[in-house]
**Student:** 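Quick one: this structure, given as structure tokens, is what I'll be asking you about.
Computed from a predicted model, the values in this text were never measured in an experiment. Order of listing sets the numbers, starting from 1, for every ligand and every atom in it.
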Amino acid sequence: MSTILPVAQHGEQILTLKAVEVSNAEFNTEWLMQLATALHNTMLERNGVGIAAPQVYISKRMIVVGSRPNPRYPDAPEMEAVVMVNPEIIEYSFETCLGEEGCLSVPDQRGEVERANAVKVRYQSLQGEWFETYYQGFPARIVQHEVDHLDGVLFTERMV
Ligand code: K3U
Ligand code: ZN
């Protein structure tokens, strides 16, 4: 049975908090794997392209990113969902672009946000291995949006 979690909505305090790092003791545990699966299922069920743990009332630094083409970004790459634990954006491109964003926690609102065109993100897997991955275009936008959730920031605060 796939677990779908309730999604916190704009105005709830959990969305304003800085989430805590996942600890070494949590890697490779059933708990962390179940959280990742539930996050992924909830993202798919809500037709999202990303989700962050605080959006499902878990104030921990974990996100899922899964780009796919959509009416706003028809050229977006189809990307297998990636679970990122303790993600940190370590490089931002100097070039920025405007693009439309939405949020599962802010239904019925969309808006233009300026983001770096490309980012390099350092993160851990569910087993605690470290990775560094470069994203550009729509996936880079999703990563920036989701890392913002970990710092208690909503896209509405960045709308132009
Ligand atoms: O599917 C959505 C979507 C919106 C605009 C363009 C493409 C897709 C719904 S909103 C969404 O998927 C958020 C998910 C959230 F809120 F949980 F983080 C991710 C996102 C969408 C668009 C730009 C950046 C991030
Ligand atoms: Zn969001």
Side-chain angles (χ1 to χ4, degrees), residues 2-22 32 34-93 95-123 126 133-160:
S2 59
T3 305
I4 311 294
L5 299 168
V7 176
Q9 298 297 297
H10 191 17
E12 294 192 65
Q13 197 198 14
I14 185 102
L15 295 174
T16 68
L17 305 178
K18 190 170 167 68
V20 299
E21 295 225 328
V22 171
L32 207 63
Q34 281 177 5
L35 173 57
T37 303
L39 267 176
H40 187 217
N41 291 340
T42 305
M43 180 186 91
L44 295 179
E45 168 78 12
R46 299 297 190 99
N47 265 322
V49 288
I51 195 163
Q55 292 183 276
V56 297
Y57 299 92
I58 307 285
S59 196
K60 299 233 177 210
R61 300 187 80 82
M62 183 192 287
I63 64 176
V64 180
V65 173
S67 163
R68 57 180 149 72
N70 59 80
R72 286 285 155 200
Y73 298 90
D75 299 327
E78 185 86 50
M79 186 184 130
E80 201 174 311
V82 182
V83 178
M84 298 182 188
V85 181
N86 296 331
E88 188 189 349
I89 299 175
I90 55 174
E91 279 178 33
Y92 292 86
S93 63
E95 298 76 24
T96 62
C97 58
L98 283 178
E100 192 181 88
E101 297 192 12
C103 183
L104 304 180
S105 297
V106 191
D108 307 326
Q109 197 174 348
R110 286 185 177 217
E112 294 282 316
V113 178
E114 185 175 9
R115 301 276 191 194
N117 280 349
V119 294
K120 192 192 273 185
V121 58
R122 185 168 181 265
Y123 64 92
L126 294 169
T133 309
Y134 173 82
Y135 291 99
Q136 57 186 340
F138 188 52
R141 176 173 296 280
I142 302 169
V143 169
Q144 290 170 83
H145 178 116
E146 301 309 333
V147 171
D148 266 355
H149 274 302
L150 303 183
D151 293 327
V153 176
L154 289 177
F155 83 99
T156 48
E157 298 167 55
R158 296 198 187 274
M159 269 165 44
V160 294

**Student:** If the cut-off is 4.0 Å to any non-hydrogen atom of G48, which atoms of ligand 1 fall inside it?
**Tutor:** 1 (O), 12 (O)
**Student:** Starting from atom 16 (F) of ligand 1, find the nearest protein heavy-atom neighbour and note its residue, name and distance.
**Tutor:** L104 N, 2.8 Å
**Student:** For ligand 1, note which part of F138 has a heavy atom under 4.0 Å away: side chain, backbone, both or neither.
**Tutor:** side chain
**Student:** Salt bridge or not for R158 and E101, using N-O below 4.0 Å?
**Tutor:** no
**Student:** Output the distance between atom CZ (F155) and atom CD (E146), rounded to the nearest 0.5 Å.
**Tutor:** 11.5 Å
**Student:** Sequence neighbours left out, what pairs pass salt bridge (charged side-chain N to carboxylate O under 4.0 Å, His left out) with at least one residue falling in residues 64-79?
**Tutor:** R72-E100
**Student:** Considering only protein heavy atoms, which is closest to atom 23 (C) of ligand 1, and at what distance to one decimal place?
**Tutor:** E101 CG, 3.6 Å
**Student:** What pairs of residues pass the ring-ring contact (aromatic ring centres under 6.0 Å, His included) test when at least one of them lies in residues 55-87, not counting sequence neighbours?
**Tutor:** Y73-F138
**Student:** Going by the order shown, which atoms of ligand 1 are within less than 4.0 Å of some heavy atom of I51?
**Tutor:** 17 (F)
**Student:** Judged by atom type as modelled, is there a donor-acceptor pair below 3.5 Å linking the side chain of R122 to the main-chain atoms of E88?
**Tutor:** no
**Student:** Would you say that Q136 contacts V119 through its side chain, given a criterion of any heavy-atom pair below 4.5 Å between the two side chains?
**Tutor:** no
**Student:** Does Q144 come within less than 4.0 angstrom of ligand 1, counting non-hydrogen atoms of the residue?
**Tutor:** no
**Student:** Counting heavy atoms only, name the option from R110, R141, R72, R115 that's nearest to atom 5 (C) of ligand 1.
**Tutor:** R110
**Student:** Applying a 4.0 Å heavy-atom criterion (strictly less than), which segment of H149 is in contact with ligand 1: side chain, backbone, both, or neither?
**Tutor:** side chain
**Student:** Looking at E114 and V160, would you say the former's side chain and the latter's main chain have a donor-acceptor pair under 3.5 Å?
**Tutor:** no
**Student:** Without swapping roles, check the side chain of R115 against the backbone of G99 for a donor-acceptor pair under 3.5 Å.
**Tutor:** no
**Student:** For atom 2 (C) of ligand 1, what's the nearest protein heavy atom and its distance?
**Tutor:** N47 O, 3.9 Å
**Student:** Specify the protein heavy atom at minimum distance from atom 14 (C) of ligand 1: its residue, its atom name, and the distance to 0.1 Å.
**Tutor:** G50 O, 3.0 Å
**Student:** Starting from atom 8 (C) of ligand 1, locate the nearest protein heavy atom and write down its residue, its atom name and how far away it is, to 0.1 Å.
**Tutor:** V49 CG2, 4.0 Å
**Student:** Compare all side-chain heavy atoms of I89 with those of Q144 and state whether any distance is below 4.5 angstrom.
**Tutor:** yes
**Student:** Identify the heavy atoms of G50 and I142 that sit nearest to each other, and give their distance.
**Tutor:** CA-CG2, 4.1 Å
**Student:** Of all residues at least two apart in sequence or in a different chain, which pass the salt bridge (charged side-chain N to carboxylate O under 4.0 Å, His left out) check with R46?
**Tutor:** none
**Student:** If we only look closer than 2.8 Å, how many protein N, O or S atoms does the Zn ion (ligand 2) have near it?
**Tutor:** 3
**Student:** Side chains of M62 and L32, heavy atoms from C-beta outward: is any pair under 4.5 Å?
**Tutor:** yes
**Student:** So which atom in A53 and which in K60 form the shortest heavy-atom distance, rounded to 0.1 Å?
**Tutor:** CB-O, 3.4 Å
**Student:** Closest approach of P54 and L15, non-hydrogen atoms and distance?
**Tutor:** O-CD2, 4.1 Å
**Student:** Which protein heavy atom lies closest to atom 24 (C) of ligand 1, and at what distance to 0.1 Å?
**Tutor:** H145 ND1, 3.7 Å
**Student:** Relative to ligand 1, is N70 under 4.0 angstrom through side chain, backbone, both or neither, heavy atoms considered?
**Tutor:** side chain
**Student:** Look at atom 13 (C) of ligand 1 and say which protein heavy atom is nearest, naming residue and atom and giving the distance to 0.1 Å.
**Tutor:** G102 O, 3.6 Å
**Student:** With only distance considered, is I142 within less than 3.5 Å of ligand 1 through an N or O on each side?
**Tutor:** no
**Student:** Nearest protein heavy-atom contact for atom 19 (C) of ligand 1: which residue, which atom, what distance?
**Tutor:** E146 OE2, 3.4 Å
